[in-house]
Every structure is written in structure tokens, then in C-alpha cells.
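Right, one structure below, let's go through it.
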Amino acid sequence: MGRYLIRRLLQFIPVLLGALFLLHYMTVVGIQISGDPVRALFGDNPPPESVLAAMRADYGLDNPCLDRRFDPCVAMFVERLGQYATGDFGIDLRQGRPITEHLGERFPTTMRLALIAVVFETVLGIALGVLAGLRKDRFVDNLVRASTVLLIAFPVFIIGTLIQVYVGVKLGNWIRGQDSMPDWFGQMFTVTYSADYPWLSLILPGLVLGAFSLAAIARLTRTSVIENLRADYVRTAKAKGMPGTRVVGVHTLRNSLIPVVTYIGFDIGNLMAGAVVTEGIFGVPGIGQFVFQGTQNKDAGIVVGTVTILVLVYLIFNLVVDLLYAVLDPRIRYD
Amino acid sequence: MRTMKPLRFAAIGAAFALVVAACGGGDEGDGGDDGADGGASGGSYITHVSEPEQLAPSPMCYESECGAIWSMIGEPMVSVDFESGELVFDGLLESIETEDNTVFTLTIKDGWTFHNGDPVDADALIRGWTWTQNEQNAADTAGFLGKLEGAGEANPSGLEKIDDLTVEVALSGAFVEFPKMLSFRPAFQPQAEECLQDTEACNEQPIGIGPYMMDGPWQHNQAINLVRYEDYAGEAPAEADSIQFKIEESLVNAFRDFSAGNIDLLRTTDPTVYPQAEGQYADQMIQEDQTRFTYMSFPMFEDYYKNPDLRRGISLAIDRQAIIDNVLNGIYEPSTDIVPPAMPGSRDDACEYCTFDPEQAKQLFEQGGGSEGDELTLFFNADAGHEGWVEAVGRQLAQNLGITFKLRPLPWDQYTNFIEEQKFTGPFRLGWSIDYPSPENFIRPLVDSNGDSNYGGYSNEELDGFLSQGDQQDSTDGAYEFYHQAGDVALDEMPLIPLWTGLSTIIPGDNVSNVRYDPATDDPAFGEVTVN
Amino acid sequence: MSESVIASQRGIDVAALQRVHFDRDAPLLEVDDLHVEFHTRDGTAKAVNGVSFTLHEGETLGILGESGCGKSVTAQAIMGILDIPPARVAGGKILFRGVDLQKMEEKTRRHIRANKIAMIFQDALSALNPVFTVGWQLGEIYRKHTEASRSQAKAKAVELLDLVGIPAAKERVNSFPHQFSGGMRQRVMIAMALALEPDIIIADEPTTALDVTVQAQVMKLLSDLQQDYRMGLILITHDMAVMADVADKICVMYAGNAVEQADVHQIYSRPAHPYSKGLLESIPRVDMKGQELAAIKGLPPVLVDPPPGCPFHPRCTFARERCQEEKPELYDVPGDRRSACFFWEEVISS
Amino acid sequence: MTDPHSLEGILSKGEPGGSEPGPAAKERSRSLTADAIYELVRNPVFWVAGTLVVIVLTMAVVPGLWANQDPNVSAECDIQLAQRSPSWDRPFGYTTQGCSMWGAVVYGTRNSVFVAIAGTAAIAVIAITLGVIAGFYGRWIDSVLSRITDIFFGLPFILGAIILLTILTTRTVWTISAVITVFLWPQMTRIMRGATIATKQRDFVDAARAVGASNFRIIRKHIIPNSLAPVIVIGTINLGQLIAIESTLTFLGIGFQPPTVSWGLLIQAGAGPALGGTTHLLWIPCAFVVIATLSFILLGDVLRDALDPRMR
């Protein structure tokens with residue numbers, strides 16, 4: 001385990017640096033091609049050049065390499081790494097507040113949204129997958145397979161928009177119009193996030209966010225269960241006289257869940273990407289929306305800072321998942 | 001995605017500035033007295049803003065969201081009657097005196113205090129204006145003091161204290177509309193010393209002089225709370241005891257919150273939910289002509305667009321009403337002048353080529369050197385909801401002139417880059433909104449040879465002459481005469497195509513009344529709102 | 001997933017076996033005319049087609065045949081661990097000490113496994129669950145068939161590992177299957193089968209995956225333990241040499257049919273079926289050095305669509321016309337043996 | 001296994017072992033391809049999905065076959081008809097620009113499908129090249145390529161695409177396909193690498209080496225043909241997913257731009273009015289995206305079932 005851990009950590013470093021550099025390079029090229037983000041802030045009424053220069057210096061955008069197209073600006077990258085190491089991920093260009101402060105405000109919301117999505121996709125996904133796997137080629141299996149394929153074919157933004165229109169507006173308005181319904185119940189069908197109902201009003205967006213992964217997990221679990229049910233050790237367990245529930249619940253499921261747990265771990269990337277769309281549609285003031293607004297407003301500070309943190313989170317999650325994988329699967333651990 | 005973005009952010013992009021002026025003559029009476037003698041109706045209500053960029057010092061405020069806050073925590077120097085175009089001294093200033101429209105003597109009313117208790121005097125005014133125009137502070141509204149003598153320096157020569165309540169302001173040239181310019185709140189606020197010493201703290205809890213003051217610091221992404229300032233010395237009404245500006249992520253959200261009863265007063269309805277809002281709240285909605293307009297400018301530096309007939313033809317080929325009805329939800333009015341109808345000095349029928357006449361359009365277009373099969377590229381800033389109508393304009397040009405068209409949406413930073421470096425190769429969309437209530441504010445910046453926002457590069461000596469002659473008149477009427485002549489030149493030559501003016505879409509909820517659209521702030525008059 | 005597994009009951013019912021009345025005098029195991037079918041897309045495959053044999057205490061029965069001949073299916077049918085569907089026991093009886101296992105309730109039959117009949121699988125690496133320690137997997141048997149606690153179960157596991165000759169059993173009990181060598185793993189499998197001291201062990205190709213030297217060690221361990229515990233052993237293999245060493249009597253299977261049953265010496269000296277003969281002749285022998293090996297020509301038949309008549313006739317050197325039309329039954333051959341060949345006399349004497 | 005459709009797990013686990021079920025003999029007698037075809041023609045899903053795919057492809061290539069009103073021709077549209085709901089003579093209604101909705105979705109097919117095909121093809125080429133090199137040569141080449149793959153894998157797709165696409169001034173089918181390729185090649189490369197390693201260990205590769213075949217020849221004649229099945233299956237499924245991805249990017253405002261006609265743009269334009277009640281502007285283009293995505297995914301799914309005997 002120790003050696004595995006060390007090897008994995010050693011691999012992590014170049015990947016981390018590489019991803020951060022890729023990110024850095026993309027933003028640098030962005031500035032080199034489309035122009036100075038500080039200037040863009042002022043719209044039609046540019047302040048005197050001296051002021052712009054001062055601001056550029058403040059934001060670290062005065063490096064001459066930014067004028068040379070496709071220059072990788074390595075010195076700038078090194079400087080940035082130093083700042084990241086001290087927890088400084090820059091400031092947004094409009095309000096001049098630290099990115100970390102913004103994210104601190106938005107993080108709980110996105111966390112709640114992601115939690116709802118993960119619980120939903122995991123519980124329902126595994127349940128459906130196991131059910132379908134056990135009843136392979138029966139009605140339940142075909143139903144699960146058909147509905148998950150359909151779900152996968154629905155891009156998140158389409159589910160989100162359709163649900164917003166048909167559930168949020170049409171059904172939701174009707175429910176909210178009923179006097180007999182308690183107020184909180186109507187909030188579950190809300191069209192947009194409401195700070196007064198920080199959990200209830202995130203249920204619908206959470207389901208939308210988790211929909212794709214729900215389908216993926218159900219299918220993955222199903223395949224995995226079917227595969228493991230015919231594994232030799234399952235036959236061994238039966239030959240040992242183990243009851244059916246134990247054969248399925250312990251011997252099969254434990255093995256089947258290894259890829260599923262891995263998937264859920266990696267899914268954090270999907271969730272972050274999905275959150276950009278879902279939070280946008282449902283007006284959830286979370287990190288995904290922040291990134292997207294940053295992009296639209298051309299706030300290089302927000303985009304670089306936030307995406308860097310997200311990529312960090314994602315990579316660390318991947319590392320954790322890999323280590324978790326080793327915990328779950330002893331074959332990996334002792335290689 | 002349109003729904004994600006505070007629509008009002010587009011305002012910055014489109015160079016929409018806000019003018020803030022208290023209500024004009026007829027409205028000052030009762031409301032003002034109420035505010036002054038504490039006979040307010042009381043209660044509190046909730047409205048909404050998008051998270052502002054910055055709140056203070058006020059000269060940093062050149063966008064609609066902080067503008068809404070400053071319309072209550074700040075005070076205009078003077079205001080302008082939108083009917084007559086005359087100055088009304090219902091603000092901080094007692095009087096403005098000038099002999100040559102170059103040197104102005106400003107007298108401050110006695111007894112005013114900042115929200116922190118400091119007196120508002122000549123020093124406070126000079127302190128504020130000095131800060132505004134100082135290049136080092138990079139104030140977004142510094143341009144308003146650009147005509148000041150010695151503008152940009154740490155101690156401009158144009159500001160001189162006469163006594164505790166009197167300031168002498170010297171401009172670098174005559175400008176008859178300067179007093180009206182003073183109605184723009186953020187740029188000309190006096191500043192408390194405390195604020196300028198620690199601008200960061202001040203940004204969290206701005207110190208103003210207006211009828212309302214901050215009730216605790218700015219709660220980022222949540223709310224900005226205002227409470228009535230009891231020592232307010234002015235006349236502006238402050239009916240409600242307190243106002244909460246709930247911070248909404250988008251206008252769509254704001255509408256949802258309004259529908260759910262979480263917001264009492266909807267400032268603006270997002271165009272995407274307008275059809276729904278119209279169905280639900282048609283009776284309540286307050287629709288008034290806004291003090292802004294949308295236009296397409298021609299790149300005069302491109303040979304193709306140099307012939308006025310071609311430009312006239314293009315303008316005539318656009319069926320404004322059809323686009324408004326079918327793409328823009330009907331919440332606009334076709335332009336008839338380069339100045340929006342709500343502005344003092346606007347005209348109903350000034351624009352000959354703003355009508356729809358496909359036959360004449362084609363004839364003029366070809367006369368001006370255009371021919372069938374030409375390819376026109378239309379430019380606009382992306383992600384601000386312009387896609388639909390620009391495409392519709394393109395389609396009408398294609399149908400009526402026989403051309404083909406391309407659309408080039410650009411992110412705003414690239415758009416500004418195109419503007420500055422004159423990279424446009426075809427008509428480009430822009431908008432302009434009121435800074436101060438004078439027709440000059442819509443003509444000079446857009447079409448004067450040296451106009452700040454004359455991005456098409458149009459130049460006409462005759463037009464420039466009319467403008468400067470107007471500036472030197474000593475009466476508003478006299479000035480308008482020349483400004484109108486300048487406008488006529490522009491509308492004949494068509495360096496830009498006026499398209500349409502928006503209508504406000506304010507919706508008051510059931511528990512507030514007395515809601516009025518204020519053209520000076522392009523917002524509801526928050527202080528007048530009473531809680532039922 | 002087998003329907004039976006889902007339908008079975010949860011929980012420990014240790015007393016279940018005590019309620020069954022086993023006939024102490026009956027043979028350990030009697031398999032009578034067993035038929036197993038597989039339903040596949042292409043039709044029904046008769047994987048086991050009327051196999052019968054008897055096993056007594058302390059006896060070793062070898063089942064011999066090429067892969068796909070139905071050996072393992074027979075074993076799994078006896079254990080009751082066939083995947084149903086696609087498999088189905090289409091007929092026949094499986095009697096343990098006179099009790100028909102097929103008629104037994106699943107929750108009772110479950111206790112027959114490991115308690116009375118245990119099985120050793122060929123590839124221990126895949127037959128052991130990769131994510132649990134061997135101690136856990138051994139202990140599980142005690143925990144689920146007796147009321148042993150976790151610590152008792154683990155102590156038992158150590159004992160067992162010791163018994164099958166795994167060094168440092170106390171430490172190794174916490175290892176995972178992939179950390180053992182092939183031979184050691186197979187010993188773990190044997191330990192698992194021995195756990196509850198069953199009456200019968202079915203060893204399905206227990207040494208196929210092992211080196212020859214290890215093979216011998218494992219086979220010796222298995223037969224020693226069998227002697228010690230006086231168990232019945234069913235040894236399934238295609239390896240004639242292993243069979244010759246260990247088995248008392250042999251059942252040769254071909255395409256789901258038992259084609260010859262006899263005492264080990266009889267088969268090895270004078271096979272009564274052309275297939276047995278072919279198998280024997282394909283063993284390289286030192287005394288025949290230099291001569292060409294006599295491989296059986298052709299391939300085993302497709303079970304969904306077996307040839308008419310004798311299933312072996314397309315590959316048989318003795319085949320006549322009759323073989324193509326009529327399927328031979330198991331004929332009694334002198335010496336308490338049976339052969340499914342019309343011309344068994346000819347075969348013996350050739 | 002980061003992708004639900006990934007065959008990685010299935011491929012890396014080798015041949016089915018252990019039991020010897022009865023019908024095994026039969027399977028051996030038929031080649032894998034013949035078996036797959038046999039499986040496919042008997043599967044109704046294959047025919048339904050296949051037909052839909054053919055329809056979508058013909059719409060992309062010759063839209064005139066399916067609709068006679070081209071929204072790219074402005075004369076075909078009438079602003080006065082904008083947003084009209086479906087009626088008897090125009091069962092799909094009109095777009096926000098007053099064009100026939102049916103014409104718009106049919107003519108919008110090309111852009112979406114083109115991006116999907118170009119993206120998939122580019123991904124396949126990169127994946128096969130890098131995957132084979134990494135898997136076949138192993139050692140440090142593999143380590144370096146694997147780390148580079150990891151780096152690109154470390155950037156979540158939408159986030160990366162947002163940054164890259166906002167940089168690009170003009171977004172054409174080419175640039176969008178390129179961005180999709182830049183961020184989506186690692187997945188298939190990993191799969192290809194796994195397949196190569198599995199194939200490399202098979203006997204015929206050793207045999208070829210023994211008779212003196214060059215590395216290049218081994219790769220060309222043995223490795224690639226024998227590792228191609230997962231690429232075909234995943235490629236088909238990718239086609240579906242790229243259609244969905246293209247429309248997502250466009251919906252987010254970083255994909256196609258008007259006056260291009262594309263499904264994502266139609267949805268983007270229709271989402272707002274739909275909230276107000278003009279729902280056909282939303283659900284019609286949505287239905288097209290979903291049906292097209294679904295038919296490619298289903299086709300890939302049945303292909304996988306057919307090509308992978310272990311799932312039967």
C-alpha cells in the first residue's frame with residue numbers, strides 16, 4: 001500500500017502541474033488573442049492610460065509576454081504557482097474581492113446541490129442497476145435499460161429546461177395555487193433557487209444534475225452485477241452453502257460496486273460541469289454559475305481562479321478515488 | 001445563456017449610463033414635504049438589484065445597479081424638469097450662477113449632513129469632485145468633469161472655495177448644459193472625509209447624504225438594506241421606513257421571486273419571461289418610454305458605407321414595428337429622432353429615413369453604390385440578448401435589398417477592441433442612454449467629430465458647428481434650436497440608424513402603491529413608494 | 001442469477017439438516033439417469049444426458065472427459081449450483097444417503113453444501129473472492145453454517161490452513177487470495193472444502209492450473225485427507241495420469257453421455273469404448289517412443305445439434321452404419337463394467 | 001471506468017474463464033463477425049436505431065430531401081409569422097424568426113451532425129495513434145503519453161471548453177469540432193491503449209514476431225484490426241453524445257452563432273418564449289436532439305452487445 005501511495009502521489013505532481021499549465025496557457029492565449037481584460041471592464045469610457053497601466057500591474061497583467069501571441073509566459077506561470085501555494089487565487093476584476101472569498105459564499109450552495117445529486121444518483125442508480133442485473137432480460141431489466149438509455153440521450157440542459165417549463169412552471173404553479181398544499185411543498189417544484197428554502201428549492205435542480213449519472217450508474221451497476229454473478233467466486237459462495245441474499249448482497253455486490261464507487265468519485269468532474277448548466281438554468285447562486293458569469297463578463301480573474309480551484313479539487317478527488325479504489329480492491333493495493 | 005446573466009449588466013456593456021435626478025417640478029410637492037417633516041407612510045418593502053460591482057465612493061458608480069442604490073442614499077445637486085427642460089433646485093444646491101457659461105458659482109443649502117453626521121459644505125463638495133476627476137482614482141464617471149479646468153490633476157485649478165457654502169467652478173470652455181449635467185448623482189456627490197480615507201470600508205457601507213442610509217453593511221450576494229435617514233435635510237420623499245434591495249442572480253430569478261411573493265416591487269421584467277409576465281400582470285405593469293435607445297452605427301472608415309444614400313436605403317429597409325412586435329415582445333417604440341421621446345427636446349417626426357419603405361430603400365441603396373448579392377456583416381455584442389433582433393434585421397435587409405448577410409457576435413472585450421481599433425467592416429449595434437436630460441447628451445457623444453462615443457468615425461463640420469453654437473447660447477430654448485439643427489444633419493446623413501426606444505416594465509406587487517417610472521434614473525422612484 | 005438463489009431464505013437454520021432423515025445404510029451418493037439441459041438462443045443443449053453412478057464411503061470416483069463433455073455440469077447439478085436458467089435439471093435423481101436432493105427445500109439443501117457435500121474448483125484464483133481475505137472466506141463457512149462468532153471462525157480458519165499445510169497460517173489468514181502462489185491457493189480451496197468435514201468432496205479439475213510438481217503435492221494432500229476422513233471423492237479431470245493414481249473407478253463422459261464405467265485398472269488395461277481407447281492412446285508413452293501419437297481425430301459435437309445415433313461415431317474408427325442411426329445404450333460388460341458401444345467386444349479385444 | 005459506455009473494464013479482464021457451459025462448442029464454430037451480424041439482424045432495436053441514423057444522416061447531407069423551406073434563405077421566412085404555434089398546414093409551427101420550424105430543424109441537422117462526425121473521427125485518429133503507440137511500445141513512451149492523457153483528463157470538459165471557446169472569435173464547425181477533440185481524446189486513447197496491451201499479449205502477436213514481422217507490420221496487421229471493435233462501438237456512441245454536447249455548448253452561448261441554423265441555437269432561442277407558453281419553440285428542437293442522440297447511442301449499444309460475446 002505504501003509503495004502504491006507513493007507512486008500515485010508521484011504521478012499526481014506532473015499531472016497537477018500539467019493541468020495548471022494547460023489552464024494557464026489557455027487563459028494567456030485568450031488574453032493574447034482577444035485583448036486586455038482590464039480595458040474591457042470600462043466599456044465605452046476608457047480611463048486614462050496611466051490608470052489602466054496601474055490596474056494591469058495590480059492584476060499581474062502587465063507582463064509583456066501577454067502581447068506576444070502564443071507565448072507561454074512561463075515566468076508568469078511560475079509566479080502564479082507561488083501565489084497558489086499561499087492560497088492566493090487572485091481577485092475578480094469587477095469587485096476586487098478575493099476569488100476564495102466569493103467561492104466561500106457560493107460553496108455551500110453548490111455543495112448542497114451536489115449532495116442531493118449524488119445521493120439521488122447513487123441510491124437510485126445502484127438500486128435500479130442491481131434490480132436489472134438480477135433480472136437480466138426480464139421486464140424490469142428491459143425497462144431499466146430503455147429508460148436509462150433515454151435519460152443518457154437527454155442533455156442536461158434539455159432536461160433542465162423542459163423540467164423548468166413543465167414541472168416548475170406548469171405543475172408548480174398549479175401546486176402553489178392550491179390552498180391545501182403547504183408552502184414548503186410548492187417550493188419543491190420551484191423554478192429557481194430560493195434562499196429561504198436552501199434544500200427544498202434545490203431538489204429539482206439536484207435531480208436534473210444527477211440524472212445523467214443516475215443512468216450511468218444504473219447501467220454500470222447492472223453490467224457489473226451481471227458480470228460478477230457469473231464469476232467463479234460467486235459459484236464458490238453458492239457451493240459454500242451461502243444463502244442467496246448473501247451471495248448477492250455480499251459476494252456479488254461488494255465486487256460490483258468497485259467500478260461504481262470509482263465512477264461516483266470521478267463523477268465529481270461531471271457534476272462540476274453539469275453545475276454550470278444546471279445552476280444557470282435554475283438560477284442557483286453556486287460556483288458553476290459563478291464560472292459561467294465570469295466567462296461571460298470576461299472576468300479573467302474569476303475564470304482563472306475558480307477553474308484552477310475546481311481543477312485542483314477534481315484532481316485531488318481523483319487521487320482520493322484512486323486511493324479508495326486500492327482500499328476497495330486489494331489486488332491493486334499490493335501490486 | 002440569457003437567463004443566467006443579470007440583464008442590467010448589459011447596460012455597462014452598451015455604455016448605458018444612468019442619469020439620476022430627483023423627480024421634476026410637479027412631483028416635488030407633497031412627497032417632498034412628507035419626507036422633510038417626517039410624515040412618511042412607513043412600513044418597509046423589498047425590491048431587487050443584481051450584485052453591484054462597487055458601491056462607493058460614488059464616482060465609481062456608472063452602472064444601473066449601484067445607480068439604484070445611489071438614487072436613494074445620494075442626492076442630486078439639482079434636477080431637471082423633463083417637460084420643460086428647466087433646472088429645478090430641489091437638491092443640494094441653493095443656486096447656480098454664471099455669466100459666461102464657463103465659470104459657475106454654486107451655493108450649497110445650509111444644514112445638510114452626511115449619514116455619519118459630518119456637515120456637507122464647500123469642502124465636502126470640492127473633496128468629492130476632486131476625487132472624481134483625479135486620474136489616479138480611475139473613477140468610472142471621471143469624464144463628467146472632463147471639461148473642468150485642470151481636469152485630471154490632483155488639485156485642479158477649476159475648483160475654488162469661496163466660503164463655507166460657496167464653490168466656484170471654472171470650465172475650460174463655455175457649456176450651457178453644465179448645470180443640467182449636475183443632475184447626474186454619482187459623479188457629483190460630495191464625499192465624507194471618512195469615506196475617502198478608507199474607500200474599502202466605505203464600499204462596504206457607503207456614506208451618502210440622501211433620504212435613505214445604509215442599514216448595516218452590504219451583504220454580498222444577499223441584500224443591501226436601506227433605512228430612512230432621519231436627519232435628512234432635503235425635499236425628496238421617503239415614504240417607506242426601510243427598503244430592502246434583495247440581490248438576485250438574474251432578472252428571471254427576480255421575476256420568479258416576485259411571482260412567489262418574495263419581492264414587492266419588480267424593477268424590470270426579463271424579456272424572456274415577458275410573455276408570461278404580460279399574461280399575469282398586464283394590469284399592473286408600468287410601461288413608460290425609457291430614456292435610452294438602440295441604434296446601428298455605420299463604419300464610416302469603410303468606403304462601402306461612405307455614401308449617405310446607401311445608409312438611408314439600409315435604414316428604410318428595416319421594418320422596425322414588425323421586429324418589435326414579433327421578436328421584442330412589443331415592449332419598444334420605433335425611433336423617430338436621435339433623441340428618445342422621454343427626453344426634453346425630443347421630437348416626434350424628425351427622422352425621415354426611420355420609416356419602412358422597401359421600394360425606396362432598394363432604390364436608394366443601389367443609388368448609393370450597393371447592389372444585389374453584396375454581403376453585409378452585422379456586428380453586435382454577444383450574450384446580451386441581441387441575437388434575435390439583429391438576425392431579424394439581417395433577414396429584412398436580405399429580403400428587401402437582395403443582399404446576403406453574416407452575423408458577428410463578439411464578446412464584449414473584443415467588441416471594445418473592435419470599437420477602438422475601428423475593425424468593424426459592417427454596421428454594428430450600440431445603445432446609448434441618458435447621462436443628463438439634454439438632447440445634446442444624445443447628439444454630441446455619438447456624432448460630433450470629437451464625440452466620446454462616435455465610434456463610426458463620422459465627421460461633419462456643419463454638425464459640429466451647430467453643437468458648439470448651441471453650447472454658447474445662454475438659454476435652454478436657444479440652445480435646443482441649434483441642437484435640433486445638429487440632429488437634423490445627423491438624421492439626414494444617417495451615420496447611425498436610430499432603431500427603437502424601450503418601455504419600462506416595472507411591476508408593483510399588491511402591497512405597494514404609488515409606483516412611478518422615473519426617467520431620470522430609468523428606475524422606479526423608490527422613495528415615493530408607499531407600503532399598503 | 002439463479003432463481004433458486006433469489007428465492008432462498010436468509011439466516012442460519014443449523015437444525016435444518018437434523019430434521020432430514022438420512023439413510024445410514026444407503027450409498028453415499030447415487031446419481032440416477034441425470035439429465036441437464038441448457039436453453040440457448042440456438043436451441044436446447046443436452047449437457048448431461050442420462051448419467052448414472054454410485055459413490056460409497058472412502059471411494060474415489062473419477063469422471064473423465066474432454067472439456068465440454070458435461071463433467072462440470074454433472075458436478076454442479078449434484079451441488080445444486082447450476083445457473084437456472086439457462087440450465088435446467090431435466091430428469092433423474094440425485095440421492096444423498098437415500099434422500100433425493102432435488103426434492104429438498106432450498107434452505108435445507110443449502111446446508112447440504114459444505115456440510116455434506118463440498119466442492120473444490122479448478123482455478124482457485126478466480127474461485128476465491130478477490131476482495132476478502134482467505135481467513136474471512138474460510139470463516140464465513142463457520143459463521144453461516146454454525147453459530148460460531150467471528151473470532152471463533154477465524155481461529156478455525158487458522159486451524160484449517162495449518163491442516164492443509166500452509167506455513168505461517170496465523171499470518172497468512174489475513175492475506176488476500178492473489179497473495180498466494182497457485183499451489184497454496186489450491187490448498188486454501190481444499191481447506192475450504194474440508195471446513196465442515198463433509199461426506200463427499202467433488203474436486204473439479206483441482207490441479208489443472210498447477211505445475212506438475214505442485215500438482216502431485218496437492219493430489220497427495222487431497223487423497224491423504226480423503227483417507228483420514230473416509231470421505232467419498234469425485235474427481236473430475238481430463239488428465240489420465242492423475243486419474244490413474246487416485247481413482248478407484250472411472251466414469252468416462254463424452255458429449256453429455258457416460259460412455260464407459262469401470263474399475264480404474266480395467267479401463268487403463270482394456271478399455272471397452274473406442275473413446276476411452278482413443279484417450280489412452282493419445283497419452284505419450286516412453287515405451288512407444290518414436291511412434292506417431294494417436295490423437296482422436298475431429299472435434300466434439302455441438303450439443304445443441306448432436307449427430308444422430310452414437311454421438312461419437314463421426315470420430316470413431318469402429319463406426320459402422322448402425323452407429324449413425326441408433327444410439328447405443330450402456331451395455332453391461334463382464335467385470336462389473338458398462339460401455340455405450342455396440343461393438344464393445346471388438347474394442348476390448350483390439 | 002469514467003464513462004458509462006466504456007468498454008475498458010470489459011476488455012481488460014480477458015477471456016471468459018472457468019465454467020464450461022454446454023453451448024460453448026457451438027460458439028466456437030462461428031466467427032465473431034458473423035455472430036455479430038447474426039445477432040444484429042435479429043435485433044429490432046438495431047433496425048429502429050439504424051433507420052433513424054440513416055434519416056438523420058440524409059437530413060444532414062441532403063436536407064432538401066426532407067424539407068423545402070430553407071431557413072438560410074431569408075425570403076423563405078416571414079417575420080410576421082414568428083413564433084406561430086403549430087397548425088394544420090404547418091404542424092411544426094414557426095421559429096422566432098418566422099421560418100418554418102420543420103425546415104429549421106431539418107436544415108439545422110447538418111451542423112450538429114457534422115461536428116459529431118468530425119469530432120469523432122479526429123478523436124478516433126488520435127486515440128488509435130497514441131493508444132497504439134503507448135500500449136505497444138510501453139515503457140517510458142507509455143508513461144509520458146499516459147501522463148499527458150491524465151493532464152487533459154484533469155480538465156473537466158465543459159470548463160475547458162468554456163475557456164477555449166470564449167477565446168475563439170469565430171466559431172465554425174471546424175473550431176467547435178477541434179475544441180471537442182482537444183478535451184475528449186483522452187478517454188478513447190485510454191481504451192485503445194488497454195485494447196492494444198490486451199492484444200499484444202495474445203499468441204498471434206508472438207507468432208508474428210517469431211516469423212520476423214516488423215513492429216509496424218504487427219501494429220498494422222494485428223494490433224489495430226484486433227483492437228478496433230471498441231473504437232467502433234464507442235465511436236458510434238460518441239457520435240450521439242457529441243450531438244448532445246454540441247447543442248449544450250451552443251445553448252450556453254459558446255457554440256454556434258446565428259444566423260447559422262443549429263439545434264442548439266433553436267433551443268436557446270426557444271427556451272425563453274417557452275417559459276411564457278410558446279412551448280413548440282422548445283420541445284421540437286429538443287425532440288430532434290434527443291432522438292438523434294438516442295439513435296446513435298442505441299446503435300452503439302446493440303453493436304456492443306453484438307460484438308461482445310460476454311454480455312450475452
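Convention: sequence-line order gives letters A, B, ...; per-chain numbering from 1. Nothing here was measured: the structure is a model prediction, and the numbers come from that model.
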### Query
Going from CD on A:Glu105 to CD on B:Glu51, what distance comes out if it is rounded to the nearest 0.5 angstrom?
7.5 Å
### Query
Would you say B:Asn155 has more than 12 foreign heavy atoms packed within less than 6.0 Å of its CG?
no
### Query
Does CG in B:Asp510 sit with more than 12 non-hydrogen atoms of other residues, nucleotides or ligands closer than 6.0 Å?
no
### Query
Is the number of heavy atoms from other residues, nucleotides or ligands under 6.0 Å of A:Phe107 CZ greater than 12?
no
### Query
So, do B:His220 and A:His102 sit near enough that their side-chain heavy atoms are less than 4.5 Å apart?
no
### Query
At a heavy-atom separation under 4.5 Å, does B:Pro52 approach chain A through its side chain, its backbone, both, or neither?
backbone
